[in-house]
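Below is one structure, written out as structure tokens; the observations come after it.
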Amino acid sequence: MTRTFKALSALLTYPSTELQEAIPAIREVFASEPILTADAVAAIEPLLAEFESCDIYDLQERYVLLFDRSRTLSLNLFEHIHGEGRDRGGAMVDLLETYRAEGFDLVGTELPDHLPVLLEFASTLPLPAAREILADAGHIIAVLAERLTRRETPYAAVLTGLSQVAQASTETEVAQALLSEQDDDPEDLEALDAVYEEAMVTFGPDPNAGCPITRDILARMDVPARPANA
């Protein structure tokens with residue numbers, strides 16, 4: 001089990017009081033597993049400090065503005081490649097089969113391509129295999145890191161650290177094409193509604209059933225991460 005990926009997964013979920021209380025444990029994970037560079041860990045520290053010191057409602061509002069109301073910052077990775085088209089459903093079926101082949105079963109409401117879910121899966125793999133999985137999504141992770149850096153948000157450090165682990169770059173043709181898209185304005189509700197008027201592909205648990213929950217992720221940071229087969 002690689003607890004670093006589990007800790008990064010928790011940091012990218014909807015903020016909760018459980019997450020705030022777990023920040024010291026997350027710091028310990030980063031210190032005990034030298035997967036992230038010292039510079040990457042130092043860059044993430046401002047985000048950890050904000051989780052400890054800021055009002056939970058302010059943290060939640062920022063998260064929603066960034067990741068829920070900005071399509072170009074969506075943590076659902078296939079959305080950046082397939083949008084809400086039918087190809088996305090097929091890609092998620094393939095990803096779900098990859099999870100199941102390794103004995104990893106989804107138990108929450110998020111879709112298989114949600115980055116925190118992918119990181120949860122990566123945490124159950126040997127490090128070389130985890131790096132390979134992240135490298136497959138590396139161009140999207142690198143693009144998210146660049147877009148978050150433009151927004152001057154401390155979340156950028158998490159994606160930048162992941163980009164380094166995956167050895168990802170924005171210099172690829174796919175990454176450049178994604179970066180050529182105009183960033184969303186989360187305050188422009190009319191434009192946001194227009195984006196999501198496209199037909200939705202329903203897959204697995206209802207993605208609108210509720211906010212991501214960090215409790216289970218945090219609870220499993222110190223126990224075997226691989227769920228039992230259904």
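The chain is numbered in sequence order, starting from 1.
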Could you pull out all residues at least two apart from F121 that satisfy ring pair (Phe, Tyr, Trp, His ring centres under 6.0 Å)?
Y99, F104

Could you work out, with ring pair (Phe, Tyr, Trp, His ring centres under 6.0 Å) as the rule, every residue matching F51, not counting sequence neighbours?
none

From [atom1] ([X]) to [atom2] ([Y]), nearest 0.5 Å:
X: L73; Y: R150; atom1: CG; atom2: CZ; value: 10.0 Å
X: T72; Y: R151; atom1: OG1; atom2: CZ; value: 5.5 Å
X: S70; Y: L148; atom1: OG; atom2: CG; value: 9.0 Å
X: F78; Y: L111; atom1: CZ; atom2: CG; value: 10.5 Å
X: L77; Y: L118; atom1: CG; atom2: CG; value: 6.5 Å
X: F67; Y: L115; atom1: CZ; atom2: CG; value: 9.0 Å

Do R62 and T153 have side-chain atoms, one donor and one acceptor, less than 3.5 Å apart?
no

Donor-acceptor pair, side chain of [X] and main chain of [Y], under 3.5 angstrom:
X: Q20; Y: P15; result: no
X: T124; Y: E120; result: no
X: E33; Y: R3; result: yes

Can you name the residues that form a salt bridge (Lys or Arg N to Asp or Glu O under 4.0 Å) with E52, not counting sequence neighbours?
R27

For [X] and [Y], work out which heavy atoms get closest and say how close.
X: Y14; Y: V64; result: CE1-CG2, 3.8 Å
X: R71; Y: H80; result: O-CE1, 3.6 Å
X: S9; Y: P116; result: OG-O, 2.7 Å

Check: [Y] and [X] side chains under 4.5 Å, non-hydrogen atoms:
X: L19; Y: S16; value: yes
X: P154; Y: E50; value: yes
X: F5; Y: L125; value: no
X: L48; Y: E45; value: yes
X: L36; Y: L8; value: yes

If you apply the rule side-chain contact (heavy atoms from CB on, under 4.5 Å), what do you find for L11 with I23, and how did you get there?
CA-CA 9 Å; L11 291 177; I23 294 303; 4.2 Å; yes

Residue pairs meeting side-chain hydrogen bond (donor to acceptor under 3.5 Å, both in side chains), one or both in residues 127-142, sequence neighbours left out, come to none

Would you give me the side-chain donor-acceptor pairs under 3.5 Å for residues 159-168, sequence neighbours excluded?
| residue | atom | partner | partner atom | Å |
| --- | --- | --- | --- | --- |
| T160 | OG1 | A156 | O | 2.9 |
| S163 | OG | L159 | O | 3.0 |

CD (E152) with more than 12 external heavy atoms under 6.0 Å:
no

Non-neighbouring partners of A42 that pass side-chain contact (heavy atoms from CB on, under 4.5 Å), sequence neighbours left out:
none

